[in-house]
S.K.: 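Just passing along the structure, written as structure tokens.
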Amino acid sequence: MKSDFDLNQQIQSTESKIVASLERIAQAFRVLLWQESKEFALSPIQVQLLIFLLFHSDEKRKVSYLANEFNMTKATISDTVKTLENKGLISKVHDLQDTRSYTIDLTTKGKEIAEKTAGFTKEIRVPIDQLHPDDKENLLLSLLNIIRHLNLSQIITVQRMCMSCRHYRTDENGAHFCQLLNQKLEVSDLRVDCPEHELKD
């Protein structure tokens, strides 16, 4: 297979142009995240962890879950948690039945930083907001399909999107349906990160 970054390949291939474009967008995420992290003397993964803790429930705020979420080892996440604790940005709430197990909570200072940095994607939102509604739906569906493939290929381990949920169904016409909500879903209703997600068998 030829490289999608080979300029001669890109000239001939729409698919290669799409891959190269996605890589540029990924680079933009890294740059924006790095800018936010520098402002608060944190690393990008520390900022990502704070933002994740801000928006997710207790059972997802444990080291083992976070390691899967960010495709990192437990040791790396534990070191990140220790650093954030030393900075006074998170606290550990130990399980009364098992003192080795704990949930990670944001402190007041940690919550303030998480709320400030959570908007680091605002420049990426500008052109997306300007898209026609049909183009937004087509883009969303395409991205969900790419993410689903990467998940099935075990490149991205944790997904809480509709397509990987046991409640999600499609009919013979490709219409989307949620059995938990007992309703048809429009493309704009499909979720990338659903709090009620239950992994499909």
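Along the sequence shown, residues are numbered consecutively beginning with 1. Source: prediction; values computed, not measured.
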S.K.: Do the side-chain N and O atoms of Glu15 and Ser13 include a donor-acceptor pair separated by under 3.5 angstrom?
M.R.: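 Ser13 and Glu15 do have a side-chain donor-acceptor pair below 3.5 Å.
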
S.K.: Specify the closest pair of heavy atoms between Gly88 and Lys109, including all atoms of both residues, with the distance to one decimal.
M.R.: O-CB, 4.1 Å

S.K.: Find out whether Arg160 and Lys60 are in side-chain contact, i.e. whether some heavy atom of one side chain is under 4.5 Å from a heavy atom of the other.
M.R.: yes

S.K.: Would you call Ile18 and Asp4 a side-chain contact if the rule is heavy atoms closer than 4.5 Å?
M.R.: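 Answer no - side chains too far apart.
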
S.K.: Check the pair Thr76, Ile45 against side chain to side chain contact (heavy atoms under 4.5 Å, CB included), reporting the backbone distance first and the verdict last.
M.R.: CA-CA 10 Å; Thr76 301; Ile45 184 57; over 6 Å; no

S.K.: State, yes or no, whether a side-chain contact exists between Leu140 and Val192 at a heavy-atom distance under 4.5 Å.
M.R.: yes

S.K.: Is it possible for you to say whether Val19 and Ile156 belong to one hydrophobic cluster, with membership spreading through side-chain heavy-atom contacts below 4.5 Å?
M.R.: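 Each belongs to a different hydrophobic cluster.
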
S.K.: Is there side-chain contact between Leu106 and Leu50, with at least one heavy-atom pair below 4.5 Å?
M.R.: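 Contact flag for Leu106/Leu50 side chains = yes.
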
S.K.: Inspect the surroundings of NZ in Lys17 and state if more than 12 heavy atoms from other residues, nucleotides or ligands are less than 6.0 Å away.
M.R.: yes

S.K.: Measuring from atom CZ of Arg166 to atom CG of Leu180, what distance do you get when rounded to the nearest 0.5 angstrom?
M.R.: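 One gets 8.5 Å once the value is rounded to the nearest 0.5 Å.
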
S.K.: Take Asn145 and Arg148 through the test side-chain hydrogen bond (donor to acceptor under 3.5 Å, both in side chains) and record every step on the way to the result.
M.R.: CA-CA 5 Å; Asn145 283 318; Arg148 180 63 176 147; over 6 Å; no

S.K.: Taking the side chain as every heavy atom from C-beta outward, state whether Phe29 and Ile124 have any pair of such atoms under 4.5 Å apart.
M.R.: yes

S.K.: Give, for atom CD of Glu112 and atom OG1 of Thr107, the distance between the pair rounded to the nearest 0.5 Å.
M.R.: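 Atom-to-atom, Glu112:CD and Thr107:OG1 are 8.5 Å apart.
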
S.K.: Given 3.5 Å as the limit, does a donor-acceptor pair link the side chain of Asn173 with the main chain of Ala175, or not?
M.R.: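 Answer holds: no.
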
S.K.: Grouping I, L, V, M, F, W and Y whenever their side-chain heavy atoms are under 4.5 Å apart, do Leu185 and Phe177 come out in a common cluster?
M.R.: no

S.K.: Show your reasoning for whether side-chain hydrogen bond (donor to acceptor under 3.5 Å, both in side chains) applies to Ser57 and Glu59.
M.R.: CA-CA 6 Å; Ser57 56; Glu59 70 273 8; 2.8 Å; yes

S.K.: Write down the atom of Ile128, the atom of Lys136, and the distance for their closest heavy-atom approach.
M.R.: O-CE, 3.1 Å

S.K.: Tell me whether Ile25 shares a hydrophobic cluster with Phe120, the cluster being built from Ile, Leu, Val, Met, Phe, Trp, Tyr side chains joined at under 4.5 Å.
M.R.: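 Result: yes, single cluster for both.
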
S.K.: Assess whether side chain to side chain contact (heavy atoms under 4.5 Å, CB included) is satisfied between Ile113 and Lys87, documenting all intermediate values.
M.R.: CA-CA 12 Å; Ile113 291 177; Lys87 289 175 180 280; over 6 Å; no

S.K.: With the side chain counted from C-beta on, respond yes when Leu42 and Thr117 share a heavy-atom pair under 4.5 Å apart, and no when they do not.
M.R.: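 No, side chains not in contact.
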
S.K.: Exactly one of Leu144, Asp193, Ile147 should register a side-chain contact (heavy atoms from CB on, under 4.5 Å) with Gln159. Which one does?
M.R.: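 Testing Gln159 for a side-chain contact (heavy atoms from CB on, under 4.5 Å) against Leu144, Asp193, Ile147 leaves exactly one candidate, Ile147.
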
S.K.: Identify the two heavy atoms, one from Glu36 and one from Phe40, that lie closest to each other, and give their separation to 0.1 Å.
M.R.: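 Looking at all heavy atoms of both residues, the closest pair is O-CD1, 3.4 Å.
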
S.K.: How long is the gap from CD on Gln35 to CG on Leu32, to the nearest 0.5 Å?
M.R.: 5.5 Å

S.K.: Is Lys92 atom NZ crowded by more than 12 heavy atoms from other residues, nucleotides or ligands, each under 6.0 Å away?
M.R.: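 Counting other residues, nucleotides and ligands, NZ of Lys92 exceeds 12 neighbours.
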
S.K.: For Lys111, is the NZ atom crowded, meaning more than 12 foreign heavy atoms sit under 6.0 Å from it?
M.R.: no

S.K.: What's the separation between atom CZ in Arg125 and atom CD in Gln130, rounded to the nearest 0.5 Å?
M.R.: 11.0 Å

S.K.: Starting at CG of Leu143, measure out to CE of Met161 and round the result to the nearest 0.5 Å.
M.R.: 9.5 Å

S.K.: Does the side chain of Ser3 reach to within under 4.5 Å of the side chain of Gln9, using non-hydrogen atoms?
M.R.: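 When only atoms from C-beta onward are counted, Gln9 and Ser3 do not touch, as no gap falls below 4.5 Å.
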
S.K.: What distance do Asp58 atom CG and Tyr65 atom OH have between them, rounded to the nearest 0.5 Å?
M.R.: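 One gets 13.0 Å once the value is rounded to the nearest 0.5 Å.
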
S.K.: Work out which heavy atom in Gln12 is nearest to a heavy atom in Asn8; give both atom names and the distance.
M.R.: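 It is NE2-O, 3.4 Å.
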
S.K.: Are a donor atom and an acceptor atom from the side chains of Asn71 and Thr157 found within less than 3.5 Å of each other?
M.R.: yes

S.K.: Identify the heavy atoms of Val63 and Ser78 that sit nearest to each other, and give their distance.
M.R.: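 Distance-wise, the nearest heavy atoms are CG1-OG, 3.6 Å.
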
S.K.: Go through the steps to decide whether His197 and Ser164 satisfy the test side chain to side chain contact (heavy atoms under 4.5 Å, CB included), and finish with yes or no.
M.R.: CA-CA 8 Å; His197 182 273; Ser164 64; 2.9 Å; yes

S.K.: Is it true that Phe55 and Ile104 fall in one hydrophobic cluster, defined by side-chain heavy atoms closer than 4.5 Å?
M.R.: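 They do share one cluster, since a chain of ILVMFWY contacts under 4.5 Å joins Phe55 to Ile104.
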
S.K.: Might you point out which heavy atoms bring Leu84 and Gln46 nearest each other, and give the distance in Å?
M.R.: CD2-CB, 3.9 Å

S.K.: Under 4.5 Å between any side-chain heavy atoms of Lys38 and Trp34, yes or no?
M.R.: yes

S.K.: Consider only side-chain heavy atoms of I, L, V, M, F, W and Y, link residues closer than 4.5 Å, and tell whether Leu89 and Tyr102 are in one cluster.
M.R.: yes

S.K.: With no hydrogens and no angle check, is any side-chain donor or acceptor of Lys200 less than 3.5 Å from a backbone partner on Met163?
M.R.: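 Side chain of Lys200 to backbone of Met163: a pair is present.
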
S.K.: Is it the case that more than 12 heavy atoms not belonging to His94 sit under 6.0 Å from its NE2 atom?
M.R.: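 More than 12 within 6.0 Å, yes.
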
